[in-house]
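Scroll down for the structure; my scribbles are underneath it.
All ligand and atom numbering here is 1-based and tracks the order in the structure. Predicted model, so just to flag it, every value in this text is computed and none were measured.
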Amino acid sequence: MPQNQAKEILKQYFGYDEFRPMQAEIIQTVFDKKDCLVLMPTGGGKSITFQIPAMMKDGVTIVVSPLIALMKDQVESLKATGIAAEFLNSSLTPSQQEAIEKDIQEGKIKIIYISPERIVTESFHNFMQNLKVNLFAIDEAHCISQWGHDFRPEYTQLKFLKQKYPEIPVIALTATADKITARDIIKQLGLIEAKQFITSFDRPNISLTVKPALKRIENIIEFIKARPNQSGIVYCLSRKSTEDIASKLKRAGIKAAFYHAKLEREKRSKVQENFINDKTPVIVATIAFGMGIDKSNVRWVIHYNMPKNIENYYQEIGRAGRDGTKSDTIMYYSLGDVMTYRKFIEDAPNNKEVEIAKLQRIQDYAEALTCRRKILLSYFGEHLDEDCGNCDVCKNPPQQFDGTLIAQKALSAISRLNENVGINMLIDVLRGSGRKEIIDNNYHKIKTYGAGNDINFADWQQYILQLLNQGLIEIAYDQNHVLKLTEASQKVLFAGKKINLVKASELLKKKELQQITARPESKTKQLKNELFERLRNLREQIAVSENVPPHIIFSDATLESMCEKRPVSNKDLSKIAGVGILKNEKYGNLFIKEIVSFIKENSKQTSRIKGSSQILTYELFKDGMTVAEIADERNLSPVTIFSHLAEFYNKGEEIDIFRLVSQEEISRVEKAVKEINDFNTIKTIFEHLNSEIEYEKIRLALSYLKKK
Ligand code: ADP
Ligand code: ZN
């Protein structure tokens, strides 16, 4: 395939220099008219694997997508890069629809997004007869499989595509990591010898933290306040808690809204829209929120309650950081949540064992004392060689101690209580509580009564959880959650087996401390944040005037890169990832202007930052000042100013060179070069010209001549 052509499109439209892993291979496969299945995590970069082939081929690519909001976003994104795309779905008026169909027929459109309901209609078939369709892309392809988590009956009809148009290649894409679903997708769509592309499901830019569910609201408020204007989602279990938590956040001065399935339709889309447009940064929601939201700059996701399995958890945290920029996630974990889920599952009609096993796995994850990312990825069948360094366990490895005595006390008490009490009673007995139930049952007479009164209640809870996770205790969910001993616990009680535990209260203290003692930001970092805010505001203004979500203009990652590199010319800007040709033309100057005025206003502080001195010189020169004047103004030597400008000239920036060196001087240099011929060093030219033209000018003249 014309690999170069693919790369050119990547640069020209999307503004990226390199393909991510597998993108090039996928594009090649599609280009060769072969079917394929792509499994890539959210944010992995699936879209361009069909969008680029669409641009490389004659005719039109048809993309099936399940949600109107998603289609709209993708089409807007494409249009913003200069790619002719449209969607056909029920949100269009008949006349809009007609106009689009006309454009399609006239070959003006490269990519059409369409709903699964519509593509299977008779009328669309007839319409397709007159088109040259070069590719079908099935987005969110897991919707076709009953095994997937989001089965949509209307997707099952898509198998007709391959039956009716066997010669048109199909690319199916999904972010589902599950192998059974993958096989099913191929089967259901009837793909022919489909090549499978499975990339790593790791999302290294997303940090992972699990905390005990203590002081959640205070914690969350503090967390959000440390991240002003960043978008984030707080997930919780019930509709009521979304409302409660949102109002608590609002009272604390945070711009937040709640969202759940029972909200009226209009209200729901308003909330969603305000979130996408960065107007309401924080949404407190049930898990109904998120599907179909293609917002790239969600900077954090908090689970107020533990999700019921790892699939859900991974999908929900996956809504953070789609743009690849650093993002944070926190899950609050409590045994109470586990109990609630247990109850749901016990009451449900079927699939109990699987659900219980899945619940156990996420509980293990929450209680993990080793790298969390390793555990997550191993759940999806992937092995990570090194610890990730970006989860709370890696950042703050727990200290273990010999907890044999603690274990023995707890296990012995369970045994003496005839394996007939729950956690709270066990702890009360261990701590020697005098409550009535204990006396009534004569629990105060057993040998271990009060044997653990040196440990507080919360710590005991932590230790018992750890014993549970080590398989030393079981909970009889079918008998009022009483605690039972296991085979392994016998070894601790009778065979002197040693047990390691993690210090409970220390773990907590350390985590809290970490949160409170956030380091003060360095000056450079502050400046960077300031510039980021300015660029973000600018982006928002443009977004409002164009009536699109801000991330369509530029992603957060692109803005961050601008803050890092501070481009001050369209040429520099074109080197920033995410700035394609059209966006550079349309918005480039606005962003450059903002960056330049920032540099000017902060010239004192920014002077220490690499490259900013040159930029200032360049700007003053563009404002019409002479070299001498700039040197004076900036308190630098003219030679330095000259070298700054020469640097820009050599980089290819637009500089009126004749303001620096005259036509006549250039001619003299040209002549000298010819006369000396062999010794074209600046020094020889300088001497040949009787030292009448300065070094800097000769150097510039040479650059000019070379360019000519
Ligand atoms: P997915 O559909 O897999 O969730 P997207 O296609 O929306 O992911 O891509 C996620 C982000 O990654 C987008 O902002 C996209 O522009 C960006 N991206 C895609 N490919 C590349 C690349 N080769 N280099 C840099 N960024 C890329
Ligand atoms: Zn880790």
When the side chains of residues 67-76 are checked against the rest of the protein, which donor-acceptor pairs come out under 3.5 Å, sequence neighbours left out?
{"residue": "Asp73", "atom": "OD1", "partner": "His551", "partner atom": "NE2", "Å": "3.2"}
{"residue": "Gln74", "atom": "OE1", "partner": "Tyr113", "partner atom": "OH", "Å": "2.7"}

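- By the 4.0 Å N-to-carboxylate-O rule, Arg299 lies close enough to Asp323 to be salt-bridged with it.
- Rounding to 10 degrees, one finds that the Zn ion (ligand 2) sits at the corner of an angle of 100° between Cys391 SG and Cys394 SG.
- A heavy-atom cutoff of 4.0 Å around ligand 1 is satisfied by the protein residues Tyr16, Glu18, Phe19, Arg20, Gln23, Pro41, Thr42, Gly43, Gly44, Gly45, Lys46, Ser47, Ile48, Arg322.
- Aromatic rings from Tyr365 and Tyr313 are positioned such that their centres are separated by under 6.0 Å.
- Within the 4.5 Å cutoff, no side-chain heavy atoms of Val579 are placed close to those of Phe591.
- Outside the 6.0 Å centre-distance limit, the rings of Tyr314 and Phe201 are not counted as a close aromatic pair.
- Using a 4.5 Å heavy-atom cutoff, the side chains of Val338 and Tyr333 are in contact.
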